[in-house]
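Indexing begins at 1, ligand by ligand and atom by atom, following the structure's order. Atom set for the values below is all heavy atoms of this structure, side chains included, hydrogens, waters and symmetry mates excluded.
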Amino acid sequence: MKVLVVGGAGYIGSHTTYELVRAGHEVVVLDNLFSGSTKSIHPKAKFVWGDIRRKSDITRILAEEAQSGHPIEVAMHFAARLIVPESMAKPLDYYENNVEGLRVMLEALIENNIKNVVFSSTAAVYGDPAIPECSEDDATIPINPYGETKLACENMIKWAAQAHDLNYCILRYFNVAGADSSLEIGLDKDQLTHLVPLIMQTALGIRDKFYVFGDDYDTIDGTCVRDFIHVTDLAQAHVLGAEYILSKGESLLANLGSGSGYSVKQVLDTARELFEVPYEISPRRPGDPAKLIADTSRIKSILGWEPKLDIKAIIKSDYEFRKKLG
Ligand code: UFG
């Protein structure tokens, strides 16, 4: 299949491109390089600079590929802003980039008769759920603009699919971490906020100490519980999802996590079995739900997908990637 990966220079988009190429698919990457980097784009993928909010940038590629006699069959969207505290400070930027960006992209796809869309959504659409094991039919009550914009995007896709006969694969990510086995790509940002990279930077001596945000939650050891999924497992689910909607002509909305919960302390202790990680307990971070775990039965049964890499593999690959970065 031939796939347009919008946001293919970023963390998840680049890993998905690697898995698409490994599975023998053809990839065209569109990215404005706002947070992505050209060095993350697989050498076998074609790269075109462009901004998702400018329809002509998208239609130009779609027309070019169609003229080549081998048109784009599936479009994947990874071009979202995704930092929760930033979304609280700049909600309108999030609406503009995430919601308006997707609206423009859908318009371009529909006008060019591209019928298959894969969209990265998030567990943040569930907000602070009453039952921590989230299933796709649970209530969606986001507690920040980031989750709110992703939910608006999900709904826009569903309505557009109904009106214009599209197939969609919407995947709600839980806590993604780790790096590709080649160590060519990983989460490479200046200002990291996520748990695993911060623990690994501490293990490498880039940070003096790791801070555990709160140990008085109602969980196994008082620290928050999350569902960690290796980025390669997550990327492979996208390949299967795209193949599924294209071959079956059906749509799918599914959680994408490992289905297992680990507390912050358990992740830290797993890392400390391998590396020295000085740490300190600090106050809670505002807006953190105590426990978020994916019910993964839907994606497993429909796509036959299973995560292969566990929390140790996630930690090790992030460490190796960061060590290589220096
Ligand atoms: N944490 C620490 N110390 C740190 C960083 C994080 O204790 O230095 C804790 C957080 O308080 C939280 C847990 O580690 O309890 C995970 O935090 P992350 O920032 O790594 O991830 P989040 O769970 O906040 O959010 C991530 C994505 C969201 C997605 C969510 C779904 O960033 O987009 O997972 O579970 F919605």
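Between L195 and ligand 1, at least one pair of N/O atoms sits closer than 3.5 Å. Ligand 1 has no nitrogen or oxygen under 3.5 angstrom from a nitrogen or oxygen of V212.
The distance from ligand 1 to the heavy atoms of A123 drops below 4.0 Å at these ligand atoms: 31 (C), 35 (O).
Given atom 15 (O) of ligand 1, the protein heavy atom at minimum distance is C224 CB, 3.1 Å. Among protein heavy atoms, atom 36 (F) of ligand 1 sits closest to T122 OG1, 2.6 Å. For atom 14 (O) of ligand 1, the closest non-hydrogen atom of the protein is V264 CG2, 3.5 Å. With respect to atom 3 (N) of ligand 1, the closest heavy atom belonging to the protein is Y211 O, 2.8 Å. Closest to atom 19 (O) of ligand 1 among all protein heavy atoms lies R285 NH2, 3.0 Å. Atom 2 (C) of ligand 1 has F213 CD1, 3.3 Å as its closest protein atom, hydrogens excluded (heavy atom only). Among protein heavy atoms, atom 32 (O) of ligand 1 sits closest to H194 NE2, 2.7 Å. Nearest protein heavy-atom contact of atom 35 (O) of ligand 1 is N175 OD1, 2.6 Å.
A salt bridge is defined here as a Lys NZ or Arg NE, NH1 or NH2 lying under 4.0 Å from an Asp or Glu carboxylate O, and R53 with D51 meets this definition. We find that E136 and R172 are not joined by a salt bridge, their nearest charged nitrogen and carboxylate oxygen being 4.0 Å or further apart. Ion pairing of D216 with R284 is present here, as a side-chain N (NZ or NE/NH1/NH2) and a carboxylate O approach within less than 4.0 Å. With salt bridges taken as basic N to acidic carboxylate O contacts below 4.0 Å, one links D137 and R298.
Residue-level proximity to ligand 1 for V196 is absent, since no heavy atom of it falls below 4.0 angstrom. Contact annotation for R284 and ligand 1: no heavy atom of the residue comes within less than 4.0 Å of the ligand. Looking at Y146 against ligand 1, only its side chain comes within 4.0 Å, counting heavy atoms. When heavy-atom distances to ligand 1 are checked against a 4.0 Å cut-off, L198 comes that close only through its side chain, counted from C-beta outward.
Taken to the nearest 0.5 Å, the CG atom of L198 stands 6.0 Å off from the CG atom of L192. Going from atom CG of L4 over to atom CD of E73 covers 12.0 Å, rounded to the nearest 0.5 Å.
Side-chain atoms of N175 and Y262 form no donor-acceptor pair, as typed in the model, at a separation below 3.5 Å. Residues S258 and D227 have side chains that bring a donor and an acceptor to within less than 3.5 angstrom of each other.
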**OP:** Go through the steps for E107 and R103 under the test salt bridge (Lys or Arg N to Asp or Glu O under 4.0 Å), then give the verdict.
**Re:** CA-CA 6 Å; E107 217 170 71; R103 192 196 67 75; 2.7 Å; yes
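Classified by interplanar angle (parallel below 30°, tilted 30° to 60°, perpendicular above 60°), the ring pair F78/H238 is tilted.
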